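Note sheet for the following structure.
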Amino acid sequence: MMSIQIGPLALPAAPLLLLLSTWFAAWLADRIVVAVTPSQTTSRRSAGSVLVHSALWGLLVARVAHVALHLEAYRAEPWSIIDLRNGGWNAWAGLVAGLAWVGWQASLHVSWRKALAAGTAAGLVLWSAGTASLTAMAPRALPDLVLTDLATGQPVRLHDLAARRPVVMNVWATWCGPCRREMPVLTAAQPRHPDVVFVFANQGESAEAVRRYLDTERLALSHVLLDPHSSLGPVLGSGGLPTTVFFDREGRRVDAHLGALNAAALAAKLSSAMEP
């Protein structure tokens with residue numbers, strides 16, 4: 001599952017899970033300090049803040065590590081390094097950095113060690129269990145659906161369209177602002193990667209509306225499919241637009257993103273899908 005639906009809003013699930021885990025870890029550390037040393041109000045506040053700072057430090061290192069691993073993708077658009085809406089994190093680097101911060105603070109404040117250890121362990125358990133649950137609820141393979149090809153009006157089976165090639169599945173609509181913002185990026189990437197199948201699955205709109213939008217924006221796209229019942233988004237585990245999911249040549253899901261992508265983030269995610 002990629003998003004949590006709250007009324008008309010689709011919020012990305014992973015950041016919410018990280019926020020909840022960090023808050024719970026800090027809360028638990030504070031409660032333990034209260035139980036052990038109820039009179040030390042200053043320590044009580046600082047113990048929880050150590051875990052909040054560890055999460056922030058971990059996120060910073062995770063971002064830097066991701067950019068370093070995909071430096072070529074970001075070299076052309078260095079400003080996109082600070083655009084966190086596009087995602088891009090190295091979880092292992094962030095985890096090591098966060099734990100190192102907690103360990104350093106525990107060495108400086110002996111009286112907080114038990115509280116920091118318990119809070120860190122609880123936060124990691126919650127985050128790990130939540131991540132495993134979100135992963136389990138998300139499809140692990142290219143959906144076996146039949147949609148309608150805009151150009152021919154004929155039904156197209158997604159598995160046949162992939163034909164053992166990497167697939168970038170973009171779920172979009174003409175009324176969606178972020179979809180319109182990222183569409184030129186996807187349009188430019190399609191001819192640069194002829195060995196990757198880019199699929200543009202429009203949600204719930206008529207063929208006339210989609211053609212009018214593509215003609216007005218002068219977008220030359222291949223594999224524009226119509227999903228009149230908007231069935232693909234829920235199958236992919238996302239209730240928001242745009243959603244972009246990456247599958248390798250074996251049809252296995254390797255990455256996904258909720259929201260608009262810039263060129264650097266798209267290139268970084270494409271490298272994962274194209275790995276042999």
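Worth saying up front: this structure is predicted, and the values here are computed from it rather than measured. Because only heavy atoms are used, hydrogens play no part in the values below, and waters and symmetry mates are left out as well, while side chains stay in.
Expressed to the nearest 0.5 Å, how far CG of Leu18 lies from CG of Leu59 amounts to 5.5 Å. Rounded to the nearest 0.5 Å, atoms CG (Leu161) and NE2 (His159) are 11.0 Å apart. Once rounded to the nearest 0.5 Å, the distance linking CZ of Arg192 with CG of Leu270 reads 9.0 Å. To the nearest 0.5 angstrom, Ser128 atom OG is 8.0 Å from Leu95 atom CG. Taking OG from Ser230 and CG from Asn202, the interatomic distance works out to 8.0 Å, rounded to the nearest 0.5 Å. Residue Leu51 holds its CG atom at 9.0 Å from CG of Leu28, rounded to the nearest 0.5 Å.
Cluster annotation: Trp104 and Trp112 are assigned to the same hydrophobic cluster (Ile/Leu/Val/Met/Phe/Trp/Tyr, side-chain heavy-atom contacts under 4.5 Å, transitive). At a threshold of 4.5 Å between side-chain heavy atoms, the hydrophobic network of Ile, Leu, Val, Met, Phe, Trp and Tyr places Val96 and Trp127 in two separate groups. Val125 and Leu134 are members of different hydrophobic clusters when ILVMFWY side chains are connected at heavy-atom separations under 4.5 Å. Phe246 and Leu69 fall into different hydrophobic clusters, where Ile, Leu, Val, Met, Phe, Trp and Tyr are joined by side-chain heavy atoms under 4.5 Å apart, directly or via other members. Grouping the Ile, Leu, Val, Met, Phe, Trp and Tyr side chains by contacts below 4.5 angstrom, directly or via other members, places Val197 with Val235.
No donor-acceptor pair under 3.5 Å is formed between the side chain of Gln203 and the backbone N or O of Val171. A donor-acceptor pair under 3.5 Å is absent between the side-chain atoms of Thr120 and the main chain of Ala117, judged by distance alone. Formation of a donor-acceptor pair under 3.5 Å by the Glu182 side chain with backbone atoms of Pro242 is not found in this model. Looking only at distances, a side-chain donor or acceptor of Arg113 sits under 3.5 Å from a matching main-chain atom of Ala106. A donor-acceptor distance shorter than 3.5 angstrom exists from the side chain of Arg180 to the backbone of Thr174, with no hydrogens or angles considered. Side-chain atoms of Arg253 come within 3.5 Å of backbone atoms of Leu236 as a donor-acceptor pair (strictly under, hydrogens ignored). Put simply, the side chain of Asp30 gets close to the backbone of Gly48: a donor and an acceptor are under 3.5 Å apart. Arg165 contributes a side-chain N or O that, together with a main-chain N or O of Ala162, makes up a donor-acceptor pair within less than 3.5 Å. For the pair Ser271 (side chain) and Ala268 (backbone), a donor-acceptor distance under 3.5 Å is present.
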(request) Carefully, step by step, assess Asn170 and Leu261 under the rule side chain to side chain contact (heavy atoms under 4.5 Å, CB included). (result) CA-CA 11 Å; Asn170 182 251; Leu261 284 167; over 6 Å; no
(message) Checking Met169 against Leu232 for the side chain to side chain contact (heavy atoms under 4.5 Å, CB included) test, could you report, in this order, the C-alpha distance in whole Å, the side-chain angles of both residues, the deciding distance, and whether it holds?
(response) CA-CA 10 Å; Met169 181 76 65; Leu232 185 56; 3.7 Å; yes
(request) Assess whether side chain to side chain contact (heavy atoms under 4.5 Å, CB included) is satisfied between Val61 and Trp57, documenting all intermediate values. (result) CA-CA 6 Å; Val61 173; Trp57 176 245; 3.8 Å; yes
(request) Could you go through the side chain to side chain contact (heavy atoms under 4.5 Å, CB included) check for Leu219 and Leu214 one step at a time? (result) CA-CA 5 Å; Leu219 298 174; Leu214 295 178; 4.1 Å; yes
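Listed here is the closest heavy atom pair of Asp83 and Arg63: O-NH2, 3.7 Å. Ser54 and Val102 get closest at one heavy-atom pair: CB-CG2, 3.6 Å. Heavy atoms only, all atoms of each residue included: Leu241 and Leu258 are closest at N-CD1, 4.2 Å. Contact record, Leu147 with Leu226: CB-O, 3.6 Å, taken as the closest heavy-atom pair. Taking both residues in full, the closest heavy atoms of Ala260 and Pro178 are given as CB-O, 3.6 Å, listed atom of the first, atom of the second, then distance. When all heavy atoms are compared, the tightest approach of Ala264 to Ala73 is CB-O, 3.4 Å.
Contact of the Leu99 side chain with the Leu124 side chain is registered, since non-hydrogen atoms from C-beta on lie closer than 4.5 Å. Side-chain contact between Met183 and Glu217 is absent, with no heavy atoms from C-beta onward closer than 4.5 Å.
As a member of the Ile/Leu/Val/Met/Phe/Trp/Tyr network built from side-chain separations under 4.5 Å, Tyr74 groups with Val67, Leu71, Ile81.
Below 30°, between 30° and 60°, or above 60°: for His53 and Trp101 the angle between ring planes is above 60°, a perpendicular geometry. Taking the six-membered ring where tryptophan is involved, the planes of His70 and His66 are tilted, since the angle between them lies from 30° to 60°.
Under a cut-off of 6.0 angstrom, the local environment of CH2 in Trp92 is sparse, with at most 12 non-hydrogen atoms contributed by other residues, nucleotides or ligands. Within a 6.0 Å radius of CD1 in Ile82, other residues, nucleotides and ligands contribute 12 heavy atoms or fewer.
A side chain to side chain contact (heavy atoms under 4.5 Å, CB included) with Phe198 is found for one member of Val167, Val168, Leu221 and no other, namely Val168.
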Taking only distance into account, with no hydrogens and no angle test, what donor-acceptor pairs under 3.5 Å do side-chain atoms of residues 135-144 form with protein atoms, sequence neighbours excluded?
| from | atom 1 | to | atom 2 | distance (Å) |
| --- | --- | --- | --- | --- |
| Thr135 | OG1 | Thr131 | O | 2.8 |
| Asp144 | OD1 | Arg157 | NE | 2.8 |
| Asp144 | OD1 | Arg157 | NH2 | 3.1 |
| Asp144 | OD2 | Arg157 | NH2 | 3.2 |

